[in-house]
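Encoded as structure tokens, the structure appears first; notes follow it.
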Amino acid sequence: MLIEAQDGFFLARRSRKDSPHTTAAYRRDLAGVSALVAEVVGRDVGAIGLDEVSAQVLREAFGLFADTHAKSSVARAWSTWNQFFQFCVADGLAAGNPMGAIGRPRPAPLSPKPLRGEETPEQLLAAIAGGARKARAPWPERDLLVLALGLVAGLRAAEMRALRRSSVVGRPGERRLYVHGKANRERSIPIEAPLERVIEAYLASCDGRFPGARFAADSPFLLGSDGAGIGRGALDYLVKACFRGAGMHDRVPVGANLHALRHTFATRLAEDGANAVEIMMLLGHASLNTSQNYIDATGRERRAAAASNRTYRVLAELAGDEEAGQ
């Protein structure tokens, strides 16, 4: 049966240790198209056999799916079903993979979406540090840290939320962020003294806001207004509110929001001389576990690449770095 085969697919993937977000996306894609397969076949999805899911049935189902979904969603669902049928073929549940007969949208070319304006990052940081974002309980220390984690560390939203207190490691002056990224890839991002001071100011503000709280090493690093780990929607709203409060919402590319901070980070590194390998390592697009010797050999270069980000200048001033103006 179709549903039983899908259960087997997820059971087989358990050893891959997919992130909860990835697993949820797979389930949505399979369930969404399965419901349309049931509509095409004319029976409840639980009564449909896997052998009934032919190329013709899938073609009709994906056509219905495409009527109400964006190209990117259709392409992602196609990939999910392709992986599902690859599993079915390998496990002897299906004679072949019908996905080759199903049209797949050609992905649009990826292009960076940094913030518009040469001085926008500096102006944004200064405005937020000065309390430009209005809220019932203003928390400029946290808002500044969130923006800095995007602009000088290049973190994704999910990576920010996954940070723990123990994610900041190393001795003063040599600290780094230990980041759990996409596809369970892990990386270490060097951070400079200005960001260290922003982190220290934020942690001190947490103690002041939640005097009765007991923070452990595995406690969430970024907190919401209730003292718990910040939620996905709350983080997204926070960044949008920062743009609005600073009067810079029109400088954010459509659909980018927090990701525009990450793209600005990468773009500025490239402009200031970092090479492709350094940028890929810092962004987490390549595994850090390929070779420990390689990591050790390039650690100094990656720290120098991160330090070259000129956004650190304004962070140094906002964090009270006495040497910033010298």
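- In this structure, CD on Q83 lies 5.0 Å from CZ on R13, to the nearest 0.5 angstrom.
- Between V40 and A61 the shortest heavy-atom distance is CG2-N, 4.0 Å.
- For OH of Y178, the number of neighbouring non-hydrogen atoms (other residues, nucleotides, ligands) closer than 6.0 Å is 12 at most.
- For W78 (side chain) and I102 (main-chain N/O), a donor-acceptor pair under 3.5 Å exists by modelled atom type.
- In the displayed structure, R232 atom CZ is contacted under 6.0 Å by at most 12 heavy atoms of other residues, nucleotides or ligands.
- Applying the salt bridge (charged side-chain N to carboxylate O under 4.0 Å, His left out) test to pairs two or more places apart or on separate chains, those with a residue in residues 138-153 are R133-D143.
- No more than 12 heavy atoms of other residues, nucleotides or ligands shown are found within 6.0 angstrom of CD on Q56.
- Note on M1: it does not cluster hydrophobically with F85, by side-chain heavy-atom contacts below 4.5 Å among ILVMFWY residues.
- Checking side-chain atoms of E174 against main-chain N and O of R171 turns up no donor-acceptor pair under 3.5 Å.
- Within the model, atoms OH of Y202 and CG of L149 stand 9.5 Å from one another, a figure rounded to the nearest 0.5 Å.
- Taking the six-membered ring where the residue is Trp, the centroids of F84 and Y26 are separated by 6.0 Å or more.
- The closest side-chain heavy-atom distance from L163 to L155 is below 4.5 Å.
- For the pair R175/V168, a side-chain contact is recorded, criterion being any heavy-atom separation below 4.5 Å from C-beta on.
- Between the CG atom of L144 and the CG atom of L315 there is a distance of 6.0 Å, given to the nearest 0.5 Å.
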Exercise for the section: Any chance you could lay out the side-chain contact (heavy atoms from CB on, under 4.5 Å) test for T311 and E122, step after step, and finish with the verdict? Expected result: CA-CA 6 Å; T311 309; E122 287 77 16; 4.1 Å; yes
Problem - Evaluation steps, side-chain contact (heavy atoms from CB on, under 4.5 Å), between I128 and V146 - result: CA-CA 11 Å; I128 296 307; V146 167; over 6 Å; no
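- Between E200 and P172, the closest side-chain pair of non-hydrogen atoms is not below 4.5 Å.
- Of the possible polar contacts, one joining the T264 side chain to the L115 backbone as a donor-acceptor pair under 3.5 Å is found.
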Exercise for the section: Apply the test side-chain contact (heavy atoms from CB on, under 4.5 Å) to residues R161 and I230: give CA-CA distance (whole Å), side-chain angles for both, the deciding distance (0.1 Å), then the verdict. Expected result: CA-CA 7 Å; R161 295 183 56 231; I230 193 167; 4.3 Å; yes
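- A donor-acceptor pair is defined here as one N or O able to donate and one able to accept, closer than 3.5 Å; such a pair exists between the side chain of R116 and the backbone of D250.
- Here the closest non-hydrogen pair linking L195 and V152 is CD2-CG2, 3.8 Å.
- Rounding to the nearest 0.5 Å gives a distance of 6.5 Å between CD1 of I48 and CG of L2.
- Q86 places no side-chain N or O within donor-acceptor distance of the main-chain N or O of N97, the cut-off being under 3.5 Å.
- Between G154 and E159 the shortest heavy-atom distance is O-OE1, 4.3 Å.
- The CZ atom of R313 sits 12.0 Å away from the CG atom of L125 when rounded to the nearest 0.5 Å.
- Between P114 and H263 the shortest heavy-atom distance is N-CB, 3.8 Å.
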Practice task
Would you sort out whether S205 and W139 count as a side chain to side chain donor-acceptor pair (under 3.5 Å), showing the intermediate values?
Solution key: CA-CA 8 Å; S205 73; W139 196 350; 2.8 Å; yes
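- Side-chain contact between K113 and H259 is absent, with no heavy-atom pair separated by less than 4.5 Å.
- Follow the hydrophobic side-chain contacts under 4.5 Å out from L203 and you reach F210 in the same cluster.
- Around atom OH of Y237, no more than 12 heavy atoms belonging to other residues, nucleotides or ligands sit under 6.0 Å away.
- Side-chain contact between I191 and I199 is present, with at least one heavy-atom pair separated by less than 4.5 Å.
- The line from CG of L222 to CG of L238 is 9.0 Å long, rounded to the nearest 0.5 Å.
- Counting all heavy atoms, side chain and backbone alike, L30 lies closest to W81 at O-CZ2, 3.4 Å.
- Looking only at side-chain heavy atoms (C-beta outward), H249 and K240 stay at 4.5 Å or farther from each other.
- Looking at heavy atoms from C-beta onward, F87 lies in side-chain contact with L93 at the 4.5 angstrom threshold.
- The shortest distance between side-chain heavy atoms of S219 and R164 does not fall below 4.5 Å.
- Checked against side chain to side chain donor-acceptor pair (under 3.5 Å), D29 has the following partners two or more places apart in sequence or in another chain: R76, T80.
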Problem - Steps toward side-chain contact (heavy atoms from CB on, under 4.5 Å) verdict (F243, N257) - result: CA-CA 9 Å; F243 289 139; N257 198 28; 3.6 Å; yes
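- One side chain, R176 or S188, offers a donor N or O that lies under 3.5 Å from an acceptor on the other.
- Scanning both residues, Y312 and E192, for their nearest heavy atoms gives OH-N, 3.1 Å.
- In terms of the ring pair (Phe, Tyr, Trp, His ring centres under 6.0 Å) criterion, H21 has no residue partners (sequence neighbours excluded).
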